[in-house]
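Note sheet for the following structure.
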Amino acid sequence: MDYIAIANQFDIEGEIISAEPYGNGLINSTILVVTSARRYIMQAINTNIFTCPDKLTENIVRITDFLKGKIAARGGDVMRETLTPVRAKNGGFLVGNLRMYHFIEGCVCLERIENPSQFYETGKAFGHFQLMLNDFPADSLFEVIPDFHNTPKRVESFKQAVENGIKERIEECENEIKALLSRKGDVSIIMDGLDSGAIPLRVTHNDTKINNIMLDANTLRGVCVIDLDTVMPGSALFDFGDAIRSGTNPAGEDESDLSKVYCSAQLFEAFARGFIEGMAGNLTENERGLMVRAAWTIVYEQAVRFLGDYLMGDVYYSIKYPKHNLVRAKNQLALLLDIENKWDELEGIVRGID
Ligand code: ADP
Ligand code: GN1
Ligand code: MG
C-alpha cells in the first residue's frame, strides 16, 4: 500500500518525510507518518473486526469532542490529553478504511509496567477517563462489537472452537481446554450483575491494556488514553480487569516461560488505588466488592479468546510465529492460576484502600 499517497489525502501540515509501520497493536495496522512540520499516526482499521468503520469513526469523533470539552473546562491541554482525529481532504475522517490522528508527543507507551508508581498513574488515568465519560449519553453510542466482554458468550464461542477447530490443535491443547472449561461456572458473575442492575452500566473503554495509554516521558503521569475503538457501554470492572490482566504480569502476555508469569500483588495494589482515586468516589460498593473477580474474569476471557483463536487457525489476533496464540493462552492461564492462589491477599488489598 502506498502510505505516503494515502497520508497526502489527509489535511496534514508540512511535506511527508516518511511513513513506516509502528507500535505493537494486535488489531489495526498502525503507520507513523513524519512530515516536515509534525508527526501523525495513520491507521488502517481492521474491517474484519470493525465491520462498520463509519459508525466507529463517528463514535470516536463524538467521544474525543466530548472529552476535549471536559479537558478545556479544567484548563487542560486538549491536543495532548485526548486523541485528535485529522480531517481528510474529502471532508470526512476516513480515506477508505484509513484514519489519522495527531501523534501524542513527549510520552512513552509501555509494553510492560516497570514499577508501582507507573501503574498507579496508569490507574488514575484510566479511572479519570471513565469519570469524564460519566455523563456521556451512552445510548447514543454505536455498539462497535456487541457482547465484547460478555464472558459467558465468549465461553460459548470457545466451545464452538473446541468442536469445529483444527483437529490436531484441539488434541494438542487438551489440558488447557479442560482447565478452562472446568472453570466456566464462575464466569457470569459480572454479566449477571449488569443484567440485574446491581452493577451500573457506564461508558467504558473496554481495552485498557497498558499499551493503550500514553504516560508523560518526564513525569510518568498518565496523559492520554488511546485506542478508542471499543469505547462502548460496559462495566468499570471490565476496564479494571483488563488493566490488571495486562499490567500486573511483569513478563507480559507474550512470555512463553511460564515460571516468569504471575500477578504482582504490589502492582495490583498500585493500580487499584489509582483507579479508585481516578474515579473520585464513583465506584459503587458492589463494584468494589467485585474487583478481584473482575481481574479473574477478564484474564479467563482473554485465555479463551487466545486459545479459541489458536484452535480456529489464528483468524483474529495478529501473530508473529505459528504458536503465538497458544503461548499467549498458556500465559493467561498461568496468570489466572496465580490470581486464584492470591485471591485472599488481593481481596485484602482492595478492602484496605480507602
Ligand atoms: P491497535 O488497535 O492495533 O492496538 P492502537 O490504536 O492501540 O492500535 O495503536 C497501536 C500503537 O500505536 C499504540 O500502542 C501506541 O504505541 C501507538 N499510538 C497509537 N495512537 C497514537 C498517538 N495518537 N500518538 C502516539 N502513539 C500512538
Ligand atoms: C487487542 O487492539 P489491542 O491490541 O489494543 C484486543 C483486546 C485484547 C488484546 C490482547 C478490539 O487489543 O480485546 O485484550 O488485543 N482488541 C480487540 O492483547 O479485540
Ligand atoms: Mg491498542
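Start at 1 and go down the list; that is how both ligands and their atoms are numbered. The residues of the chain are indexed from 1 along the displayed sequence.
- If you look at D229 next to ligand 2, there are no close heavy atoms at all, none under 4.0 Å.
- Considering CG of L141 and CE of M232, their distance stands at 9.5 Å, rounded to 0.5 Å.
- The ring of F126 has its center no closer than 6.0 angstrom to the ring center of F240.
- Between T84 and K68 there is a side-chain heavy-atom pair separated by less than 4.5 Å.
- For ligand 2, the polar-atom distance check finds an N/O of K209 within less than 3.5 Å of one of the ligand's N/O atoms.
- Backbone and side-chain nitrogen or oxygen atoms of F50 are examined, and none is located within less than 3.5 angstrom of a nitrogen or oxygen of ligand 2.
- The shortest separation from a heavy atom of R305 to ligand 2 is under 4.0 Å, placing the residue in contact.
- Nearest N, O or S atom of D227 to the Mg ion (ligand 3): atom OD2.
- The contact set between ligand 2 and Y317, taken as ligand atoms under 4.0 Å from a residue heavy atom, comprises 15 (O).
- Of the options H149, E253, Q332, Q302, the smallest heavy-atom separation from atom 18 (O) of ligand 2 is shown by E253.
- Residues V292 and V350 are in side-chain contact: their nearest non-hydrogen atoms beyond the backbone lie under 4.5 Å apart.
- Ion pair D11/K89 not flagged as a salt bridge, since none of the NZ, NE, NH1 or NH2 atoms sits closer than 4.0 Å to an Asp/Glu carboxylate oxygen.
- Residue R245 approaches ligand 2 through these ligand atoms, each under 4.0 Å from one of its heavy atoms: 10 (C), 14 (O), 18 (O).
- Near G25, meaning under 4.0 Å from one of its heavy atoms, ligand 2 places the atoms 4 (O).
- Residues V144 and K55 form no side-chain contact, since every pair of their non-hydrogen atoms from C-beta on lies 4.5 Å or further apart.
- Any N or O atom pair closer than 3.5 Å counts here, and D227 shares at least one such pair with ligand 2.
- Residue contacts with ligand 2, taken as heavy atom pairs separated by less than 4.0 Å, do not involve F238 at all.
- The Mg ion (ligand 3) has no N, O or S atom of N28 inside 2.8 Å of it.
- Taking the centre and axis of the six-membered ring of F148, the NZ or CZ atom of R154 falls inside the cone set by 45° and 6.0 Å.
- For the pair R288 and E285, the salt-bridge criterion is not met [side-chain N within less than 4.0 Å of a carboxylate O].
- At least one test fails for R273 against the ring of Y120: distance under 6.0 Å to the centre or angle within 45° of the axis.
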R74 vs E81, salt bridge (charged side-chain N to carboxylate O under 4.0 Å, His left out): CA-CA, chis, key distance, verdict: CA-CA 12 Å; R74 64 164 159 74; E81 294 174 33; 2.9 Å; yes
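- Protein residues lining ligand 1, listed by chain and number: Y22, G25, L26, I27, N28, T30, I41, Q43, L83, H102, F103, I104, C109, N211, N212, M214, I226, D227 [non-hydrogen atoms, distance under 4.0 Å].
- Here the heavy atom of the protein found nearest to atom 2 (O) of ligand 2 is I27 CG1, 3.1 Å.
- Under a 4.0 Å heavy-atom criterion, N212 is in contact with ligand 2.
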Pair E58-R62, salt bridge (charged side-chain N to carboxylate O under 4.0 Å, His left out): steps then yes or no: CA-CA 6 Å; E58 197 185 320; R62 293 187 55 227; 5.4 Å; no
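- Salt bridge present: E253 and R245 bring a charged side-chain N and a carboxylate O closer than 4.0 Å.
- When side chains are defined from C-beta on, P53 does not count as touching R99, because their heavy atoms never get closer than 4.5 Å.
- Heavy atoms of D207 come nearer than 4.0 angstrom to ligand 2 in at least one pair.
- Using a 4.5 Å cut-off on side-chain heavy atoms (C-beta onward), N249 and V261 make contact.
- Within ligand 2, the atoms closer than 4.0 Å to a non-hydrogen atom of Y316 are 11 (C), 17 (C), 19 (O), numbered from 1 in the order shown.
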